[in-house]
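Below you'll find the structure, written out as structure tokens, and then a few comments.
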There are 2 protein chains.
Amino acid sequence: MRDLANALGIEAASIYSHIKSKEEILQRVCFRMATEFFEALETAEATETTATGQLRRAIAAHVQVLTKNTAASAVFLHEWRHLSEPFHSEFLALRDKYEGHFRKIIKNGVEKGEFEVPDEKFAALTILSALNWIHTWYKPEGKMPPAEIAENLSAMLLNGLRATEPRAVTPLTRVHAT
Amino acid sequence: MRDLANALGIEAASIYSHIKSKEEILQRVCFRMATEFFEALETAEATETTATGQLRRAIAAHVQVLTKNTAASAVFLHEWRHLSEPFHSEFLALRDKYEGHFRKIIKNGVEKGEFEVPDEKFAALTILSALNWIHTWYKPEGKMPPAEIAENLSAMLLNGLRATEPRAVTPLTRVHAT
DNA sequence: CCTACCGATCGGTAGG
DNA sequence: CCTACCGATCGGTAGG
């Protein structure tokens with residue numbers, strides 16, 4: 001709190017005329033980020049009809065939110081553990097709901113014959129894992145912009161590494177990095 | 001340190017007759033885990049000749065180490081940030097070297113025509129991301145054993161979600177979870 | 001938003 | 001491995 005006050009140019013005690021407690025900051029960051037992720041995801045789902053299209057848009061939306069504010073993303077991804085009840089449970093429920101959207105897209109894809117996976121929940125978790133790690137290395141000044149990161153991730157997750165068949169996904173903006 | 005002492009059944013001050021500082025514990029955990037990851041990876045590389053085989057073994061080895069001790073893995077994955085110099089730099093160098101092994105396997109695969117990826121570094125990072133996230137949800141008592149997790153991850157990362165072609169990887173122990 | 005301060009807790013040391 | 005402590009720092013409050 002002293003560091004924060006210092007960055008704001010005020011005394012530490014003065015922070016408490018703006019917020020109730022240190023945890024309130026954590027709560028605000030966690031739930032604001034959750035809202036942003038949901039809004040981006042819902043837009044993605046609404047603009048596409050195929051499971052493949054929805055998944056690609058959902059990945060792009062997630063990467064967009066994640067890279068827009070890496071500091072807030074790190075809090076959203078890791079620090080929610082320190083939320084007190086009932087916020088902790090509430091946050092976990094939101095997280096599960098978000099994951100559920102991905103599961104549903106994958107399930108739809110499997111039913112329509114677009115996808116083939118051993119386990120939808122596992123697939124959803126793996127996709128989100130690959131996505132969520134980027135905040136540890138992403139730098140806004142780096143040479144790969146968010147849209148291209150999303151493109152590459154979609155290609156890898158949809159087609160895998162294998163070179164046996166023609167690529168099923170050939171995005172308009174297919175870019176080779178490096 | 002008080003909690004640790006409590007768990008050990010001794011006084012907090014007594015810990016310091018075993019270690020020099022709190023950070024020494026962090027250093028030991030981080031570098032011991034690094035060694036374990038390297039040993040497992042080298043064994044994996046030595047037992048296979050194709051890039052596909054090596055990658056599948058490397059994934060299995062990584063998952064094995066990660067799930068064997070989830071607490072130590074979490075420290076290895078996140079807390080290394082608090083290492084002081086020169087340990088911090090030394091750790092980062094090891095991490096980059098480890099990542100380099102994965103990059104090389106992928107590069108070999110591309111050259112031999114087994115893989116097709118836009119960017120080897122990006123592919124290596126994505127694979128490790130998908131792998132490293134499992135420590136956040138893995139429970140030893142859960143119904144998916146480490147070998148099956150590795151199997152599913154290999155299948156997803158090598159073939160993707162797409163159902164357009166016959167599966168290129170058909171592991172001996174292919175299991176459908178859930 | 002500041003001054004002045006608090007009780008609690010932290011990693012760690014001295015000396016046995 | 002313990003007793004007895006330490007200086008520093010923490011989140012936060014009282015009263016203006």
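Chain identifiers are assigned alphabetically (A, B, ...) following the order of the sequence lines, protein sequences preceding nucleic acid strands; residue numbering begins at 1 within each chain.
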With B:F76, the ring pair (Phe, Tyr, Trp, His ring centres under 6.0 Å) member among B:Y98, B:F31, B:F91: B:F91
Within 6.0 Å of CG in B:D96, more than 12 heavy atoms from elsewhere: yes
More than 12 heavy atoms from other groups under 6.0 Å of CZ on B:R32: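 Atom CZ in B:R32 is packed in, count exceeds 12.
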Sole candidate of A:L128, A:L157, A:L158 that passes side chain to side chain contact (heavy atoms under 4.5 Å, CB included) when paired with A:I59: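 Of the listed options, the one satisfying the test is A:L157.
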Rounding to an integer number of Å, can you tell me how far [X] [atom1] sits from [N] [atom2]?
X	N	atom1	atom2	answer
B:M1	C:dT9	CE	P	17 Å
A:E24	D:dG12	CD	C1'	14 Å
A:K20	D:dG11	NZ	P	16 Å
B:H18	C:dG12	NE2	P	15 Å
B:I15	C:dG11	CD1	C1'	10 Å
B:N6	C:dT9	CG	P	13 Å
A:I19	C:dC1	CD1	C1'	14 Å
A:R2	C:dC2	CZ	P	14 Å

Contact under 4.0 Å: B:S17 side-chain N or O vs D:dC1 OP1/OP2: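 False: B:S17 side-chain N/O out of range (4.0 Å or more) of D:dC1 OP1/OP2.
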Residue-level proximity of residues 76-83 of chain A to DNA chain D when a heavy atom falls under 4.0 Å: none
Pair B:F37 + B:H101: ring centers closer than 6.0 Å: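 Ring centres of B:H101 and B:F37 not closer than 6.0 Å.
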Which of the following nucleotides, [options], is nearest to the side chain of [X]?
X	options	answer
B:E11	C:dC1, D:dT3, D:dG11	D:dT3
B:Y16	C:dT13, D:dC1, C:dC10	C:dT13
A:A13	C:dC2, C:dG12, D:dT13	D:dT13
B:I10	C:dG12, C:dC1, D:dC2	D:dC2

Dot-bracket notation for DNA chain D, counting Watson-Crick and G-U pairs under 3.5 Å, with | for partners on another strand: ||||||||||||||||
First of A:D3 and B:A12 reached from the 5' end of DNA chain D, by closest nucleotide: B:A12
Aromatic ring pairing B:H88/B:W80, orientation class (parallel under 30°, perpendicular over 60°, tilted between): tilted
Whether A:H135 and A:H78 hold their rings parallel, tilted or perpendicular, with breakpoints at 30° and 60°: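 Tilted: the ring planes of A:H135 and A:H78 meet at 30° to 60°.
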Considering all heavy atoms, the nearest A:A124-A:R103 contact: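 In this case the closest contact between A:A124 and A:R103 is CB-CG, 3.8 Å.
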Which residues share a salt bridge (Lys or Arg N to Asp or Glu O under 4.0 Å) with B:K104, sequence neighbours left out: none
